[in-house]
Number of protein chains: 2
Amino acid sequence: MAVSPPRPKDLPLTALRAFEAAARLGGFSAAAAELGVTPGAVTAHVKTLETALGAALFDRTTRGVRLTALGRRVLPEFVAAFDALGAAVRTLRREAAPRTVHIATLPSIAQLWLSPRLPALRAAAPEIAISITAMETPPNLKRAPYDLSLFYDAAPAGRIEDDVIFPVCAPALAARLARPEDLVDASCLSDATWSDDWATWAAEAMPGAAFVPRGPVFSLYALAVEETVNGAGVLIGHQALVAAHLRRGDLVAPFDRRVRLDRGLRLWSDRPPRPGGPADRVARWLEDSR
Amino acid sequence: MAVSPPRPKDLPLTALRAFEAAARLGGFSAAAAELGVTPGAVTAHVKTLETALGAALFDRTTRGVRLTALGRRVLPEFVAAFDALGAAVRTLRREAAPRTVHIATLPSIAQLWLSPRLPALRAAAPEIAISITAMETPPNLKRAPYDLSLFYDAAPAGRIEDDVIFPVCAPALAARLARPEDLVDASCLSDATWSDDWATWAAEAMPGAAFVPRGPVFSLYALAVEETVNGAGVLIGHQALVAAHLRRGDLVAPFDRRVRLDRGLRLWSDRPPRPGGPADRVARWLEDSR
DNA sequence: TTCCTAGGGTCAGAAAAACTGAGTCGTCAT
DNA sequence: ATGACGACTCAGTTTTTCTGACCCTAGGAA
């Protein structure tokens, strides 16, 4: 014997993962976002699978995709399997680097809220290494290798502080702002992903005034804050993210009116971390640091 | 916001699979064989993982590898996860092609035992499609996408017939072979992977004679059989694989002495197939066809 | 209606991953 | 001491995976 023709390849793991994500999330785009690839890649993966199987896993409607009966039948098993794999990877990472805590958060939170606290946190727990990864969307903690997620979120569990917004500016500028109505002549800075902030605040501060903010829009909130400190205009501030500057006096709040949003800065993990473990200790410390 | 640096890639699935196989099987070569790649590929995968983790998973001894404490701690979870994934894939395949039975077997068995039975099997179960994949080593049915394995094996469960060996040759040649001792002048065909066959048989047929077979060695047993039918010499035959030719008269057994080996032709599956399902029906039919 | 948008699909080309093949080394068993 | 075994290395190649720019369709908004 001793003839070994290259074995028929089994189904590719990445394609299976793409199928699982697409099926679980109900769409190729959502799956692409979770996997960090383009939708076209997911399309290709699913098609690979369907071709190999000789059967359709999704019905394509122009408005999206829907699982076929076949897909629906096999999905739970795949979700469970990939959950198990994700858990195994997390175990592996934890065991391999027992003193490292991985935190996923928004870039703005990382720079404006987390970063100022790190020196004290390091001092309080010098044996724990903190790794911070910035991203736009909370990761799926069942899959991605993070111990803690820190994002704005409506859920109450693990809330560190409510999200409260109000205008802030450099002290020199505040002198020219006596009443909210003075804002119509000012440069009103805002953030692209939080574009409703000004309108939300104005609806409370100037009811019926149909206020339209005029000013630069930033794609990085931390940059908008920096510009505001430099006197570029009035920023619609988020309490948690401008608190340090207010305390320092770099920024001031020219008006009293503050608006509490339905969400808050929230810290959570997949399942409760082992009590007393590094992740647990970091979480408790951050929750107490508000 | 809206800045999305490419997410830090998670651990590559194929590398995890390589680790799992290497850890479970206790060596990189064994893992390479199961995965159908070269050992170098496994080496590279494991190193990728170890670099990403910053920790060793194996201790390299010159004589092989041994799991580190870390590797030992995480292995069971990975085995379970990949088992779950393999089961999910099998479910998927079964659901996608409910009437297809995938059989893994030796090339020689496929050609000389299975193939002659297929017409009758197809007639008996016309709605079932049979897919046969030839390979040198029984696959790990927990992982590879086969329903049934058909190999020579020592285990008694599922044995179809014992492996019995004895010389066979074309009828014209048999006239020149009166006693086993006449073999010393004959061309004795054999198979590379079953190179001990002649010695085993000779030890019983010619005790103390120190028989050394002389003749071509084949890497495909079916080819050796073909040559034997063509009169190229005397082959050490395996009952199951030459039975059809003996029945037809293409080959004859010049001597009475037959030697029963410790193994037999064995048909098995990972877990018992669903009673009455296609795999179960094919298995029963084959077992009854001896 | 007509636009706009949210999904998908397609394709060629590019990037990254995976793999091979041939050669090396160190030990164990013969 | 010699061969077998198991792992490692590395350059080069193959395969997989991904992107980017394009298209298409239907539903909802203007």
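Letters A, B, ... are given to chains in the order of the sequence lines, protein chains preceding strands, and every chain is numbered from 1.
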Nucleotide dG7(C), atom P - distance to CZ of Arg66(A) in whole Å
15 Å

Hey, can you tell me if Phe151(B) and Trp268(B) have their rings parallel, tilted or perpendicular (30° and 60° cut-offs)?
tilted

For the pair made of CG in Leu57(B) and C1' in dA7(D), what is the distance, rounded to whole Å?
16 Å

Quick check for you: among dC18(D), dG8(C), dC8(D), whose closest atom lies nearest to any side-chain atom of Phe28(B)?
dC8(D)

Within the 4.0 Å heavy-atom criterion, would you say Val65(A) contacts the bases, only the backbone, or no part of the nucleic acid?
sugar-phosphate

Any idea which of dA7(D), dT27(C), dC19(C) is nearest the Ser29(B) side chain?
dA7(D)

So, applying ring pair (Phe, Tyr, Trp, His ring centres under 6.0 Å) with Trp194(A), which one of Tyr152(A), Trp201(A), Phe218(A) is it?
Tyr152(A)

For Asp59(B) and dA7(D), what is the distance between atoms CG and P respectively, to the nearest whole Å?
13 Å

Give the rounded distance in Å between these two atoms: CG of Leu67(A) and P of dG8(C).
12 Å

Looking at Arg93(B), Arg17(B), Arg90(B), which hits salt bridge (charged side-chain N to carboxylate O under 4.0 Å, His left out) with Asp10(A)?
Arg93(B)

Please lay out, stage by stage, how Arg143(B) and Glu20(B) fare under the test side chain to side chain contact (heavy atoms under 4.5 Å, CB included).
CA-CA 12 Å; Arg143(B) 302 297 157 82; Glu20(B) 187 268 351; 2.8 Å; yes

Atom CZ of Arg60(A) and atom P of dT25(D) are separated, to the nearest Å, by 17 Å

His45(A) side chain near dT16(D) phosphate (N/O to OP1/OP2, under 4.0 Å)
no

Expressed as a whole number of angstroms, how long is the span from Leu49(A):CG to dT16(D):C1'?
14 Å

Does OP1 or OP2 of dT10(C) have a side-chain N or O of Lys47(A) closer than 4.0 Å?
yes

Quick check for you: among dC8(D), dA26(D), dG26(C), whose closest atom lies nearest to any side-chain atom of Thr62(A)?
dA26(D)

Are any of Thr43(A)'s side-chain N or O atoms less than 4.0 Å away from OP1 or OP2 of dG8(C)?
no

Listed nucleotide nearest any side-chain atom of Thr14(A), set dT17(D), dG8(C), dT19(D)
dT17(D)

More 5' along DNA chain C: Arg63(A) or Thr38(B), using each one's nearest nucleotide?
Arg63(A)

For the pair made of CG in Asp10(B) and P in dA17(C), what is the distance, rounded to whole Å?
13 Å

One pair to check against salt bridge (charged side-chain N to carboxylate O under 4.0 Å, His left out): Glu50(A) and Arg60(A). What are the steps and the verdict?
CA-CA 13 Å; Glu50(A) 292 182 322; Arg60(A) 272 72 166 180; 3.0 Å; yes

Rounded distance (Å) that lies between atom C1' of dC19(C) and atom CG of Leu35(B):
12 Å

